[in-house]
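Worksheet: one structure, shown below.
A, B, ... follow the sequence lines: proteins, then strands. Residue 1 opens every chain. Atoms considered below: every heavy atom in the structure, side chains included; atoms not considered: hydrogens, waters and symmetry mates. Model, not experiment: these values are computed from the prediction.
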There are 2 protein chains.
Amino acid sequence: MARESKTKFAILGMLNQGPKCGYEIKKELEKSATFFWNESYGQIYPMLKRMVREELATIEVIAREDQPDMKIYTISDKGTEELERWLKLPADPHPVRNESMLKIYFGANTTPGMVKTHITRYRDRMSQQLRDIEDQQEQLDESAEEALFKKLSLRYGELLSEAIQTWCDEAEKEISKL
Amino acid sequence: MARESKTKFAILGMLNQGPKCGYEIKKELEKSATFFWNESYGQIYPMLKRMVREELATIEVIAREDQPDMKIYTISDKGTEELERWLKLPADPHPVRNESMLKIYFGANTTPGMVKTHITRYRDRMSQQLRDIEDQQEQLDESAEEALFKKLSLRYGELLSEAIQTWCDEAEKEISKL
DNA sequence: GGCTACATGTAACAAGTTACATGATTTT
DNA sequence: AAAATCATGTAACTTGTTACATGTAGCC
């Protein structure tokens, strides 16, 4: 992945919403962006350090008794500029890798019985996701303006899960015909 | 990515359809699996070598004048077993990273005007994809049994592109309200 | 009494991209 | 005449995952 790390921008974007610690960055990313983004601590913590070094953010260390120091990061002017620079650039389409589909594809040639299992599993995963999304949608505070993207993000997950479910239904029928 | 490489299985699955050279593996993957899988030559060629070493495939070298030797790989019994072992395992959901969505998400907080641009671009990409898919669907030989998954794969791409287009339309409207 | 959430990190390792290197043949 | 396709590969580099290490606080 000799390609500019997106982790930096994911963090920059999160910090742009307000000062945060590494843990919060990860949690909020999970909450609001699960359907299209993910970062691991193994990426976040080292990147935050690097970003302070590169002056994209400042760090404030809060000492706590019997617990590790909490480190609050704040985006700098340079960081804001960097974020905006990236925002102006067109997104490059990230290559997809969907293991479920790969197994279904190859399974058709080898163990046709297995294919149904994978399709069923895939559909079940989508149903579960859909239920989770609906729960979250109910809990959503419609009035909050900040919730707009949270709402749109849930809707994104909803539409995708539904589309995949539809595909699973269709695929199952087609395969049954054989 | 200290996680068992899927590249091995992608290649194994391709070779299971018949002996192939590295170039063909890549091309056929692009043709039939673009919507859910991708491999680069930088992954394929070294992996093929390793697979011969591990006796998952055998190699046949065809000498050609003025052109590099062509190397045809054939899956071995051990390779078939390995493929089937993997097929039985449940797929692990691969983490998503969709840069378009990330930009749209952060853009809402920073440069609202930019967001529309990204949404438009994203929708345009999907429209183009949809047109490509339709072209390919027309060229499809319905009678060929081998074409079943090719057909299903195109349908998968179609459903996903449509879902994303729908999302773009909705998102644009919601954002315009602000 | 046990699980989950909070909070930070590192080291080992593997995976994956891109650019480079090379050149014939076929199509437009 | 140029562009695309066929065909193989490597090296440099970065990204990203997982397992480990550590411990408190709060909830059920």
Go through the side-chain N and O atoms of B/K150 and B/Q136 and say whether any donor and acceptor fall under 3.5 Å apart.
yes
Whole-Å distance separating the [atom1] atom of [X] from the [atom2] atom of [N]:
X: B/E28; N: D/dC6; atom1: CD; atom2: P; value: 11 Å
X: B/E99; N: C/dT17; atom1: CD; atom2: C1'; value: 15 Å
X: B/R50; N: C/dA15; atom1: CZ; atom2: C1'; value: 10 Å
X: B/E4; N: C/dG16; atom1: CD; atom2: C1'; value: 16 Å
X: B/E60; N: D/dA7; atom1: CD; atom2: C1'; value: 16 Å
X: B/K26; N: C/dT18; atom1: NZ; atom2: P; value: 10 Å
X: B/I11; N: D/dT8; atom1: CD1; atom2: P; value: 12 Å
X: B/I44; N: D/dA7; atom1: CD1; atom2: P; value: 14 Å

Contacts satisfying side chain to side chain donor-acceptor pair (under 3.5 Å) that involve residues 11-23 of chain A (not counting sequence neighbours) are none
Considering non-hydrogen atoms only, spot the tightest contact between B/L12 and B/G79 and give its length.
CG-O, 3.7 Å
Secondary-structure notation, DNA chain C, from Watson-Crick and G-U pairs under 3.5 angstrom (| other strand):
||||||||||||||||||||||||||||
Please encode protein proximity along nucleotides 2-10 of chain C as a string of B, S and -, counting only heavy-atom distances under 4.0 Å.
---SBBBBS
Checking all strands, does B/D92 fall into the base, sugar-phosphate, or nothing category for heavy-atom contacts under 4.0 angstrom?
nothing
Given D/dT15, C/dG16, C/dA24, which nucleotide is nearest the side-chain atoms of B/T7?
C/dG16
Parallel, tilted or perpendicular for B/W167 and A/F149, by the 30°/60° rule?
perpendicular
Where does the angle between the aromatic ring planes of B/F36 and A/Y105 fall among parallel (under 30°), tilted (30 to 60°) and perpendicular (over 60°)?
perpendicular
Kindly write out the residues that satisfy salt bridge (charged side-chain N to carboxylate O under 4.0 Å, His left out) with A/D132, not counting sequence neighbours, or none if the list is empty.
none
Hey, mind stepping through B/E39 and B/K8 against salt bridge (Lys or Arg N to Asp or Glu O under 4.0 Å) and telling me if it holds?
CA-CA 10 Å; B/E39 292 292 346; B/K8 188 170 79 179; over 6 Å; no
Counting only side-chain nitrogens and oxygens, does B/N38 get under 4.0 Å of the OP1 or OP2 atom of C/dT17?
yes
Applying side-chain hydrogen bond (donor to acceptor under 3.5 Å, both in side chains), can you list everything that pairs with B/N98, at least two apart in sequence or on another chain?
A/Y156, B/Y122
Starting at the 5' end of DNA chain D, which residue's closest nucleotide do you reach first, A/E65 or A/S40?
A/S40
Which pairs of donor and acceptor atoms, one on a side chain in residues 46-75 of chain B, lie under 3.5 Å apart (sequence neighbours left out)?
residue, atom, partner, partner atom, Å
B/R50, NE, B/E54, OE2, 3.1
B/R64, NH1, B/P68, O, 2.4

